[in-house]
Number of protein chains: 2
Amino acid sequence: METKRELFQTMVKRFGLLNRNCCEVGSLDITMVQSQILYEISKRSNAPMQEVADALGTDISTFSRQIQNMIKLDLIKKSPSEADKRIYLLSLTEQGNKVAQEIQREMEAHLDEIFSHMNEFEKETVLRSMALLNGAMAKSSVCCKPIF
Amino acid sequence: METKRELFQTMVKRFGLLNRNCCEVGSLDITMVQSQILYEISKRSNAPMQEVADALGTDISTFSRQIQNMIKLDLIKKSPSEADKRIYLLSLTEQGNKVAQEIQREMEAHLDEIFSHMNEFEKETVLRSMALLNGAMAKSSVCCKPIF
DNA sequence: AATTTTACTTGCAAAAATCAAGTTTTAACG
DNA sequence: CGTTAAAACTTGATTTTTGCAAGTAAAATT
């Protein structure tokens, strides 16, 4: 029987989570980090930079520069907050939205393909298990620290 | 209901899989990539460099340099193959073994803590689901390509 | 025997990460 | 209030990683 760690290690490896690049959309090469940023911003509307950087656990200075790149790529818009002038709020541009949606589509398709190798019962079990796992991680006192 | 992609995205984020650094062992700062390398080498005895690099999906040149670093850190040993002189075989040094075991211990403890927030039935279900998922990914035609 | 392929290393340039310092604005405190 | 401290970002400088191309040596192919 595999240990928990082995299961996770295999999963991480199979998903290619260590890969630098995520996907091509149109003529754009999107990195993994960029796709995560697009995802986080699409989940929140007008989120402060700090909040998104924290959500991703990346250093704010690295994040700041990454945002600058993505603004140049016309994926992200940065607007000053009215309430607090120190804060800049992030949102997706029209193109950013398109790209985020395209990535979403690709990933969903990819996952569908993976799940197509299971029967209905297994699919449901696995999905429910992932939700359980996420819930347990949310409760964990050690989670999201640099351990993995 | 969350989409599959959301489930995965959350999981990846909660696990901190995007973090650069993995863990401290003694006075050593081990990066995520290094811990993956230690893991892969510990799973195989005397594996050729190419094989390990492929297993991790990293570019062989990047890998070559990383190995050089880890040799300097006295974590890895590289010995020329007798059978084929192009090939170098990788193995862990004594210290490398200690470090790998310590990481293994930490991760297992971490995972135990996470799983402690579930009941017995849930634990088993989740573990079985992960094995199912890994199996499905192994069968997938699109898996481990730079999509995620 | 000549050519191709494989396994690995090295050089170089681009991207990313880290750390420290600096700006501006808000919050906190005596 | 007014001064000080903290928060939210940006920028600069240095180091690490990465990716691609080119190079070397050994094995496989023809």
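Order of the sequence lines fixes the chain letters, A, B, ..., with proteins taken first and strands second; residue numbering starts at 1 for each chain.
- A cation-pi arrangement is present between A:Lys78 and A:Tyr88, with the terminal nitrogen or guanidinium carbon under 6.0 Å from the aromatic centre and inside a 45° cone about the axis.
- In this structure, A:Lys78 reaches the D:dT10 phosphate: one of its side-chain N or O atoms is under 4.0 Å from OP1 or OP2.
- In this structure, A:Leu38 CG and A:Ile30 CD1 are separated by 6.0 Å, a value rounded to the nearest 0.5 Å.
- Contact record, A:Met118 with B:Ala136: CE-CB, 3.6 Å, taken as the closest heavy-atom pair.
- Map A:Ala83 and B:Pro48 each onto its nearest nucleotide of DNA chain C; the residue landing nearer the 5' end is B:Pro48.
- Side-chain nitrogen and oxygen atoms of A:Gln68 include none within less than 4.0 Å of the OP1 or OP2 phosphate oxygen of D:dC9.
- Between B:Glu102 and B:Lys98, no side-chain nitrogen of the basic residue sits less than 4.0 Å from a carboxylate oxygen of the acidic one, so the salt-bridge criterion is not met.
- Within the nucleic acid shown, B:Gln66 has no heavy atom closer than 4.0 Å to any nucleic acid atom.
- Nucleotide D:dA27 holds its P atom 11 Å from the CD atom of B:Glu82, rounded to whole Å.
- Along DNA chain C, the nucleotide nearest to A:Asp84 and the one nearest to B:Ile60 differ in position, and the one closer to the 5' end is contacted by B:Ile60.
- Applying the 3.5 Å distance criterion, the base of D:dT15 shares no donor-acceptor pair with the side chain of B:Arg65.
- Counting to the nearest Å, the P atom of D:dA27 and the CD1 atom of B:Ile87 are 9 Å from each other.
- At a cut-off of 3.5 angstrom, the base of C:dT24 holds no donor-acceptor pair with the side chain of A:Arg86.
- Phosphate contact (OP1/OP2 of C:dC8, side-chain N/O of B:Ser64, threshold under 4.0 Å): absent.
- With rounding to whole Å, A:Asp59 atom CG is found 11 Å from C:dA20 atom C1'.
- For the pair B:Ser61 and D:dG19, the criterion of a side-chain N or O lying under 4.0 Å from OP1 or OP2 is not met.
- Heavy atoms of B:Tyr88 sit under 4.0 angstrom from primed sugar atoms or phosphate atoms, though from no base atom.
- The pair A:Glu108-A:Arg105 does not meet the salt-bridge criterion, since no charged nitrogen lies less than 4.0 angstrom from a carboxylate oxygen.
- B:Ile37 places its CD1 atom 10 Å from the P atom of D:dT17, with the value rounded to the nearest Å.
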